[in-house]
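Have a look at the structure below, then the notes.
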Amino acid sequence: MQIFPESREVKTSSGVFDYDYLFLALGGGYEENFEKIPGHEHAFMHHTLDGFLKLKESLWSSEGDVFVGNAPRSPIEGPSYQVALIAEYILRRRGRKGKVYLTTQSRRGVFGAIPIDGIHEKANSYFEKRGITLLKGKDVTEIKKGESDLK
């Protein structure tokens, strides 16, 4: 696929398409992966509107730390990065000193899978400056009420 922003065209194997607004929805098996984690009923799935609204409500009322993780072999980690940043923002707005922990599948950290030097260092630095603790190269293998097991 090729994107030509100047002419507002996308070229695919099926042809060339014009656009006024371009949205790239990369998809992924969020629900399927989430439901494979033992104890997932003690956590929030951010991908559905209902799940995101429950997550947001919980962040505005919770008194504890926040843990954001991914199932093993999750196809896309970007949404978890967004959730970690939203959690940090809400805690800061509330004046809470709670911690936000974020797992990344890559041992290099945030955007570690991108093969461009320097991206993950800059992203990691930004997240750490925001007070988000990175747990690099980890997956969530089980969730227990009040705790999670990592691999």
Side-chain angles (χ1 to χ4, degrees), residues 1-3 5 8 10 12 19-151:
M1 178 173 79
Q2 293 178 292
I3 300 171
R8 293 186 174 181
V10 176
T12 72
Y19 67 86
D20 290 318
Y21 299 96
L22 177 64
F23 296 93
L24 296 178
L26 301 175
Y30 296 112
E31 287 85 1
E32 297 85 16
N33 287 327
F34 179 71
E35 290 171 1
K36 289 179 185 174
I37 301 173
H40 68 273
E41 62 275 5
H42 301 298
F44 295 100
M45 160 52 73
H46 70 279
H47 188 62
T48 65
L49 177 59
D50 184 53
F52 183 78
L53 292 174
K54 288 178 183 175
L55 168 71
K56 186 177 162 190
E57 179 183 325
S58 176
L59 289 170
W60 278 105
S61 62
S62 72
E63 297 301 321
D65 296 337
V66 177
F67 178 90
V68 181
N70 290 286
R73 294 174 302 286
S74 288
I76 299 171
E77 289 189 300
S80 64
Y81 304 165
Q82 295 168 339
V83 169
L85 291 168
I86 290 167
E88 182 279 327
Y89 170 79
I90 290 174
L91 290 178
R92 185 168 29 92
R93 284 289 308 269
R94 291 181 56 211
R96 297 271 309 126
K97 300 292 182 195
K99 291 187 176 198
V100 176
Y101 299 92
L102 170 63
T103 67
T104 67
Q105 293 178 56
S106 171
R107 295 180 195 277
R108 294 170 52 177
V110 177
F111 299 118
I114 295 176
I116 300 172
D117 291 337
I119 297 291
H120 67 279
E121 289 100 344
K122 288 179 182 175
N124 291 341
S125 175
Y126 178 78
F127 276 70
E128 290 164 354
K129 283 179 188 171
R130 301 270 11 122
I132 297 170
T133 301
L134 299 176
L135 305 171
K136 300 173 186 175
K138 303 291 181 186
D139 296 313
V140 177
T141 57
E142 183 176 1
I143 302 167
K144 299 175 187 171
K145 193 165 181 143
E147 61 184 273
S148 293
D149 288 340
L150 301 175
K151 183 172 159 187

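All values below were derived from every heavy atom in this structure, side-chain atoms included, with hydrogens, water molecules and symmetry-related copies excluded. In what follows, residues are counted from 1 in the order of the sequence shown.
The backbone N or O of N70 sits less than 3.5 Å from a side-chain atom of T103, completing a donor-acceptor pair. Using modelled atom types, one side-chain atom of E77 and one backbone atom of Q105 make a donor-acceptor pair closer than 3.5 Å.
Between V100 and L85, the closest side-chain pair of non-hydrogen atoms is not below 4.5 Å. Side-chain contact between K136 and N124 is present, with heavy atoms from C-beta onward closer than 4.5 Å.
Between Y101 atom OH and K138 atom NZ the span is 14.5 Å, to the nearest 0.5 Å. Taking CD1 from I132 and CG from L91, the interatomic distance works out to 9.5 Å, rounded to the nearest 0.5 Å. Between the CG atom in L135 and the OG1 atom in T104 there is a gap of 8.0 Å [rounded to 0.5 Å]. Taking OH of Y126 as the start and OH of Y81 as the end, the distance is 15.0 Å to the nearest 0.5 Å. With values rounded to the nearest 0.5 angstrom, R94 atom CZ is found 5.0 Å from E63 atom CD. Here the NZ atom belonging to K56 is positioned 12.5 Å from the OG atom belonging to S61, to the nearest 0.5 angstrom.
V68 approaches S80 most closely through the heavy-atom pair CG1-O, 3.4 Å. A pairwise comparison of heavy atoms in A123 and V110 identifies CB-CG1, 3.6 Å as the closest pair. When all heavy atoms of A87 and V66 are compared, the closest pair comes out as CB-CG1, 3.8 Å.
Residue R92 places its CZ atom among more than 12 non-hydrogen atoms of other residues, nucleotides or ligands, all under 6.0 Å distant.
Applying the salt bridge (charged side-chain N to carboxylate O under 4.0 Å, His left out) test to pairs two or more places apart or on separate chains, those with a residue in residues 114-135 are E88-R130.
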**Request:** Would you check, one step at a time, whether the test side chain to side chain contact (heavy atoms under 4.5 Å, CB included) holds for I86 with F52?
**Result:** CA-CA 11 Å; I86 290 167; F52 183 78; 3.9 Å; yes
